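As structure tokens, the structure follows; a few thoughts come after it.
This is a predicted model, so every value here is computed, not measured. Chain letters run A, B, ... following the sequence lines, proteins first, then strands; residues in each count from 1.
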Number of protein chains: 2
Amino acid sequence: MQDDGPRLTPTSYIVLGLLAWFGDSTPYRLKQVAATSVGNFWTLQHAQLYTEPERLAAAGYVTVQRERGGRRRKLYAITNLGREALGHWRAEPAGEVAELRDQAILKLFFGADPAALGPPQIEAHDAKLAEYERIRASLPDDVPAGVRLALEAGMDHERQQIAWWKQAMVAGDGDSG
Amino acid sequence: MQDDGPRLTPTSYIVLGLLAWFGDSTPYRLKQVAATSVGNFWTLQHAQLYTEPERLAAAGYVTVQRERGGRRRKLYAITNLGREALGHWRAEPAGEVAELRDQAILKLFFGADPAALGPPQIEAHDAKLAEYERIRASLPDDVPAGVRLALEAGMDHERQQIAWWKQAMVAGDGDSG
DNA sequence: CCTATCATGTAATCCGTTACATGATTAT
DNA sequence: ATAATCATGTAACGGATTACATGATAGG
């Protein structure tokens, strides 16, 4: 029954989840696997992948082991406590729904011109969608179902954004109807 | 050409935007107008509406004036510099597209069961959509176009989320075809 | 009058970002 | 060998969240 320490954030669960999934890892490896997986819809600063495991270690959710020779780099491993925490988080319903927090919408809200804002938005969402499509095409068959689902959620979202911006651009000028 | 001071964040522009729109305000008033407008898709902590104007004042984007009598509360007003900054921000295209950063998707990604996660998500998104619909019904005719657009962006997003989760729930168990 | 809630603000903490710094590997 | 890049980490800073605190107003 040790000190809870600071609370677990989404960042914490990403680290725990990656450690559970890919096994013991150094921060650099975490960075690599994050970049090609969860990083597609939830990016982390590389420094976080060094500091967050340290926080988790202090609270007993992971263990550290430092190499003796050479680079003396740190290898992190998830503990039973960590697995438990991950399991609980995964099983609980997500609290509130995520907010949009889209700066482009914020700009619109405060009077930006949709005809000016739209094209770069559409282009960016298109690019993101294309990237998702590439990833999906290269996904091995045995990839966990949730990974594929998350990817498809992203694709669906991008498609919706593209459609919405296209519609918003034309709705702004004519207003016929 | 004075000191730039700290950089302007979305929070800064929300404060500037509200001051430009609703005129000189106390933090509490900002809190109120934020809650019923931009707060629907970008919430702020109430403390931010006390500290952020202070930061902006230090950099010359707003001015403060303290009441002489009674509560001695602070009244903030946007300056020309502030209006200029707001105008530039509004005119520039938004940088990167906003990330999903949806904890529910994160849970899916790490193996949560969509059949368990789905219903509360759908319920929450339904509630949010209903709220948006109520707001839109009560919107005065002369409301700025961007406000209505932002609201509709939110509604469209909620509808997409609802549809996606419904589909994700059934796709998980049968997998027929 | 007392209590609850509204209004107003400051302080402490924590996390995320940015910047700095340096030890290994690889390429030329 | 030297330069460039990869790998690894720490430190400083700033902004957001949380907690604290108190003065006004309204309701009982």
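- Under the 3.5 Å distance criterion, the side-chain polar atoms of B:S37 are matched with a main-chain donor or acceptor of B:V33.
- Note: OH (B:Y76) to P (C:dT8) measures 12 Å, nearest angstrom.
- Partners of B:W164 according to the ring pair (Phe, Tyr, Trp, His ring centres under 6.0 Å) rule, which considers only residues two or more places apart in sequence or in another chain, do not exist here.
- Sorted by residue number, the list of members of residues 20-27 of chain B with any non-hydrogen atom under 4.0 Å from DNA chain D is empty.
- At whole-Å resolution of the value, CG in B:L49 and P in C:dG9 are 12 Å apart.
- For the pair B:E52 CD and D:dT17 P, the computed distance is 12 Å after rounding to whole Å.
- Applying the ring pair (Phe, Tyr, Trp, His ring centres under 6.0 Å) definition to pairs two or more places apart or across chains, those involving residues 135-159 of chain A are A:H157-B:H157.
- Rounded to an integer number of Å, the gap from CG of B:L75 to P of C:dT8 is 11 Å.
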Table please: side-chain donor-acceptor pairs of residues 130-141 of chain B below 3.5 Å, with sequence neighbours left out.
from   : atom 1 : to     : atom 2 : distance (Å)
B:E131 : OE2    : B:N40  : ND2    : 3.3
B:Y132 : OH     : B:N40  : O      : 3.1
B:S138 : OG     : B:I135 : O      : 3.0

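- Among the protein residues, B:T51 comes within range of no part of the nucleic acid, since none of its heavy atoms lies under 4.0 Å from any strand.
- Not counting sequence neighbours, the partners of A:A77 by the side-chain contact (heavy atoms from CB on, under 4.5 Å) test are A:D24, A:T63.
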Any N/O pairs under 3.5 Å between the protein and nucleotides 19-21 of chain D? List them or say none.
none

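- The separation between A:R29 atom CZ and D:dG9 atom P is 15 Å, rounded to whole Å.
- Nearest-nucleotide assignment on DNA chain C puts the 5′-proximal partner with B:Y50, out of B:Y50 and B:R101.
- Residues satisfying the salt bridge (Lys or Arg N to Asp or Glu O under 4.0 Å) test with A:E92, not counting sequence neighbours, are none.
- With sequence neighbours excluded, the residues satisfying ring pair (Phe, Tyr, Trp, His ring centres under 6.0 Å) with B:Y13 are B:W89.
- Rounded to a whole Å, the CH2 atom of B:W42 is 15 Å from the P atom of D:dG15.
- B:Q121 is not listed as a side-chain neighbour of A:P93, based on a closest heavy-atom distance of 4.5 Å or more.
- In this model, the phosphate group of C:dT17 is approached by a side-chain N or O of A:Q48 to a distance below 4.0 Å at OP1 or OP2.
- A:T36 places no side-chain N or O within donor-acceptor distance of the main-chain N or O of A:A34, the cut-off being under 3.5 Å.
- Straight-line distance from the NZ atom of A:K74 to the C1' atom of D:dG9: 8 Å, rounded to whole Å.
- A:R7 has its CZ atom 10 Å from the C1' atom of C:dC14, to the nearest Å.
- For A:R55, a side-chain nitrogen or oxygen approaches OP1 or OP2 of C:dC15 to under 4.0 Å.
- Under the rule for a ring pair (Phe, Tyr, Trp, His ring centres under 6.0 Å), the partners of A:F109 that lie at least two apart in sequence or sit in another chain are B:W21, B:F41.
- Taking side-chain N and O atoms only, A:K31 has no distance below 4.0 Å to OP1 or OP2 of D:dG9.
- Picking from C:dG9, D:dA16, D:dT18 the nucleotide with the shortest atom distance to the side chain of B:Q45 gives D:dT18.
- In the set D:dG15, C:dT10, D:dG9, the nucleotide with an atom closest to the side chain of B:T9 is D:dG15.
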